[in-house]
Amino acid sequence: MADGAGSPAYLVGLLLAGRRVVVVGAGRVAARRVPRLVEAGAVVEVIAPAVRPDLQALADSGALTVRTRRYRAGDLAGAWYALALTDAAEVNAAVVAEAEAWHTFCVRADRADEGSAWTPASGHAEGVTVATITSHDPLRARRIRDRLVEVVVGEGL
Ligand SMILES: C[C@@]1(CC(=O)O)c2cc3[nH]c(cc4nc(cc5[nH]c(cc(n2)[C@H]1CCC(=O)O)[C@@](C)(CC(=O)O)[C@@H]5CCC(=O)O)C(CC(=O)O)=C4CCC(=O)O)c(CCC(=O)O)c3CC(=O)O
Ligand SMILES: NC(=O)C1=CN([C@@H]2O[C@H](COP(=O)(O)OP(=O)(O)OC[C@H]3O[C@@H](n4cnc5c(N)ncnc54)[C@H](O)[C@@H]3O)[C@@H](O)[C@H]2O)C=CC1
């Protein structure tokens with residue numbers, strides 16, 4: 001990458017309301033990201049053999065669908081966006097490969113460069129959404145996000 005080019009990602013705001021999003025894996029990373037997808041109005045399907053209780057509770061409330069089983073080829077059919085968030089590299093690779101075949105943008109949690117989308121650190125304040133992407137430094141992205149939210153609130157921007 002050229003010096004100063006920054007992250008290779010092109011930042012975009014997806015309007016996901018009513019659109020199918022498939023999340024493979026239902027652990028810690030999924031628990032952080034799935035509520036944001038639900039807030040965006042996405043039609044979320046979570047697929048995993050072991051589902052965290054907070055995600056199961058969201059499913060029980062009708063906010064999303066859970067399939068308590070392993071990922072199978074074909075699960076991404078009709079998805080606009082997908083997230084490969086399992087702790088098994090070969091499964092995440094298979095999900096990304098299926099997403100490529102469908103031309104569905106897909107995050108890969110364990111090896112981000114192998115996916116086709118990245119999750120920014122995002123925040124909301126005063127009717128504004130801020131989002132930050134670094135280059136493989138998520139904790140820095142989180143710090144910058146927190147500061148941007150403070151500035152929006154504190155300075156009334
Ligand atoms: C590139 C990206 C792609 C993507 O995943 O979308 C990615 C990738 C990876 N993250 C890894 C690790 C961690 N990520 C977090 C946290 C966050 N990660 C997020 C985003 C992104 N992470 C994408 C853009 C990031 C950017 O470049 O700016 C945030 C901002 C947003 C969100 O997740 O919602 C959220 C913080 C915001 C919040 O908290 O609000 C923590 C902390 C924690 O989990 O508590 C750890 C443990 C760190 C430690 O312990 O040091 C690993 C190694 C995995 C492994 O070891 O296998 C990879 C893999 C790789 O870089 O290839
Ligand atoms: N990108 C990021 O922000 C971060 C990425 N990671 C990485 O992301 C991955 C996931 O991390 P965690 O959520 O902490 O893991 P976790 O162990 O909490 O959850 C893993 C989930 O994957 C599911 N799973 C396993 N095999 C599956 C299969 N065949 N089909 C469908 N689901 C399957 C499990 O049932 C479980 O729900 C790990 O590789 C970890 O290193 C970790 C922290 C942050």
Side-chain angles (χ1 to χ4, degrees), residues 1-2 4-14 16 20-42 44-60 63-77 79-100 102 104-125 128-153:
M1 186 188 305
S7 156
Y10 174 87
L11 201 51
V12 62
L14 297 181
L16 292 175
R20 174 170 159 78
V21 173
V22 176
V23 181
V24 183
R28 214 169 58 89
V29 178
R32 184 164 66 223
R33 297 180 180 178
V34 165
R36 303 288 87 76
L37 295 165
V38 169
E39 281 166 19
V44 178
E45 182 167 294
V46 174
I47 300 165
V51 177
R52 271 180 46 133
D54 44 0
L55 290 175
Q56 186 59 53
L58 273 177
D60 293 344
L64 53 86
T65 305
V66 160
R67 306 252 175 260
T68 312
R69 60 161 173 79
R70 299 166 79 81
Y71 161 77
R72 295 200 286 254
D75 279 342
L76 268 47
W80 289 77
Y81 186 52
L83 296 93
L85 309 181
T86 82
D87 54 351
E90 69 282 7
V91 177
N92 290 342
V95 173
V96 166
E98 182 180 350
E100 289 284 315
W102 294 116
T104 300
F105 282 102
C106 184
V107 167
R108 179 169 169 180
D110 58 332
R111 291 175 63 180
D113 291 335
E114 304 290 321
S116 54
W118 286 9
T119 314
S122 63
H124 307 276
V128 175
T129 301
V130 298
T132 310
I133 289 185
T134 64
S135 194
H136 298 279
D137 192 349
L139 303 184
R140 183 177 182 213
R142 178 162 69 189
R143 285 197 304 277
I144 296 169
R145 182 272 318 275
D146 290 346
R147 190 62 199 281
L148 288 174
V149 168
E150 272 174 32
V151 167
V152 169
V153 173

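Just follow the structure's listing: the first ligand is 1, and inside any ligand the first atom is 1. Just so you know, these numbers use all the heavy atoms, side chains as well, and skip hydrogens, waters and symmetry mates. Bear in mind that the values here come from a model prediction, so they are computed numbers and not experimental data.
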Can you find a heavy atom in the side chain of Gln56 that is under 4.5 Å from one in the side chain of Val66?
-> yes
Which ligand 2 atoms are under 4.0 Å away from a heavy-atom of Leu85?
-> 10 (C)
Atom of Thr104, atom of Ala82 and distance for their closest heavy-atom approach | CG2-N, 4.0 Å
May I ask you to check whether Ala109 has an N/O atom sitting below 3.5 Å from an N/O atom of ligand 2?
-> yes
Within the 4.0 Å heavy-atom cut-off around ligand 1, the contacting residues, ordered by chain and number, are Arg28, Arg32, Arg33, Val107, Ala109, Asp110, Arg111, Ala112, Trp118, Thr119, Pro120, Ala121, Ile133, Thr134, Ser135, His136, Asp137, Pro138, Leu139, Ala141, Arg142, Arg145
Smallest separation among heavy atoms of Pro35 and Ala30, with atom names | CD-O, 4.1 Å
Heavy atom of Arg33 under 4.0 Å from ligand 2?
-> yes
What atoms in ligand 2 come closer than 4.0 Å to a heavy atom of Ile47?
-> 31 (C), 32 (N)
Got a donor-acceptor contact below 3.5 angstrom from the Trp118 side chain to the Ala112 backbone?
-> yes
Which of the atoms of ligand 2 are close to Tyr71, meaning less than 4.0 Å from one of its heavy atoms?
-> 28 (C), 30 (N), 31 (C)
Atoms of ligand 2 close to Ala48 [distance to a heavy atom under 4.0 angstrom, numbered from 1] = 31 (C), 32 (N), 35 (O), 37 (O)
Could you tell me which atoms of ligand 2, counted from 1 in the order shown, lie closer than 4.0 angstrom to a heavy atom of Ala26?
-> 21 (C), 36 (C), 37 (O)
Would atom 40 (C) of ligand 2 count as contacted, meaning some protein heavy atom under 4.0 Å?
-> no
Supply the atom-to-atom distance Ile47 CD1 to Thr68 OG1, rounded to the nearest 0.5 angstrom.
-> 10.5 Å
CD1 of Ile133 to CD1 of Ile144, rounded to nearest 0.5 Å, is 11.5 Å
Of the protein's non-hydrogen atoms, which lies at the shortest distance from atom 29 (N) of ligand 2, and what is that distance?
-> Val91 CG2, 3.5 Å
Could you list the residues that satisfy side-chain contact (heavy atoms from CB on, under 4.5 Å) with Ser122, not counting sequence neighbours?
-> Ala131
Assess Pro49 for proximity to ligand 2: is some non-hydrogen atom of it under 4.0 Å away?
-> yes
Residue and atom name of the nearest protein heavy atom (relative to atom 14 (O) of ligand 2), distance in Å to one decimal = Arg28 CB, 3.5 Å
Got a second to check how far Leu37's CG is from Leu58's CG, nearest 0.5 Å?
-> 11.0 Å
Element-labelled atoms of ligand 2 that are located less than 4.0 Å from some non-hydrogen atom of Asp110 = 39 (O)
Candidate pair Tyr71 and Leu76, rule side chain to side chain contact (heavy atoms under 4.5 Å, CB included), full reasoning | CA-CA 10 Å; Tyr71 161 77; Leu76 268 47; 4.2 Å; yes
All pairs passing side chain to side chain donor-acceptor pair (under 3.5 Å) where residues 143-153 contributes a residue, at least two apart | none
of all protein heavy atoms, closest to atom 23 (C) of ligand 2 is Gly25 CA, 3.9 Å
Identify the protein heavy atom lying closest to atom 15 (O) of ligand 2, giving its residue, its atom name and the separation to 0.1 Å.
-> Asp87 CB, 4.2 Å
Per-atom contacts of ligand 2 with Gly27, taking only distances under 4.0 Å to non-hydrogen atoms | 13 (O), 16 (P), 18 (O), 19 (O), 21 (C), 37 (O)
Tell me: protein heavy atom nearest atom 24 (N) of ligand 2, and distance?
-> Thr86 CB, 3.7 Å
Quick one: look up the protein heavy atom nearest atom 34 (C) of ligand 2 and list residue, atom name and how far away it is.
-> Ala50 O, 4.0 Å
Check if Arg32 has a non-hydrogen atom at a distance under 4.0 Å from any atom of ligand 2.
-> yes
Residues which pass side-chain contact (heavy atoms from CB on, under 4.5 Å) with Ala93, listed by chain and number, not counting sequence neighbours = Arg108
Closest heavy-atom pair and its distance - Arg72, Glu98 = O-OE1, 4.1 Å
Straight-line distance of Ser135 OG to Asp113 CG, nearest 0.5 Å = 7.5 Å
Using the side chain to side chain contact (heavy atoms under 4.5 Å, CB included) rule, take Arg33 and Val107 through it: C-alpha gap first, then chi angles, then the decisive distance, then the call.
-> CA-CA 11 Å; Arg33 297 180 180 178; Val107 167; 3.5 Å; yes
Show which atoms of ligand 2 fall inside a sub-4.0 Å distance from at least one heavy-atom site of Val24.
-> 31 (C)
Is it true that Asp75 and Arg69 make a salt bridge, defined as a side-chain N closer than 4.0 Å to a carboxylate O?
-> yes
Hey, does the side chain of Thr134 reach the backbone of Arg140 with a donor-acceptor pair shorter than 3.5 angstrom?
-> no
Thr86 (side chain) donor-acceptor with Gly25 (main chain) under 3.5 angstrom | no
Closest protein heavy atom to atom 13 (O) of ligand 2, given as residue, atom name and distance to 0.1 Å | Val29 N, 2.8 Å
Does Asn92, backbone or side chain, put an N or O under 3.5 Å from an N or O of ligand 2?
-> no
Close N or O approach (Ala88, ligand 2; < 3.5 Å) = no
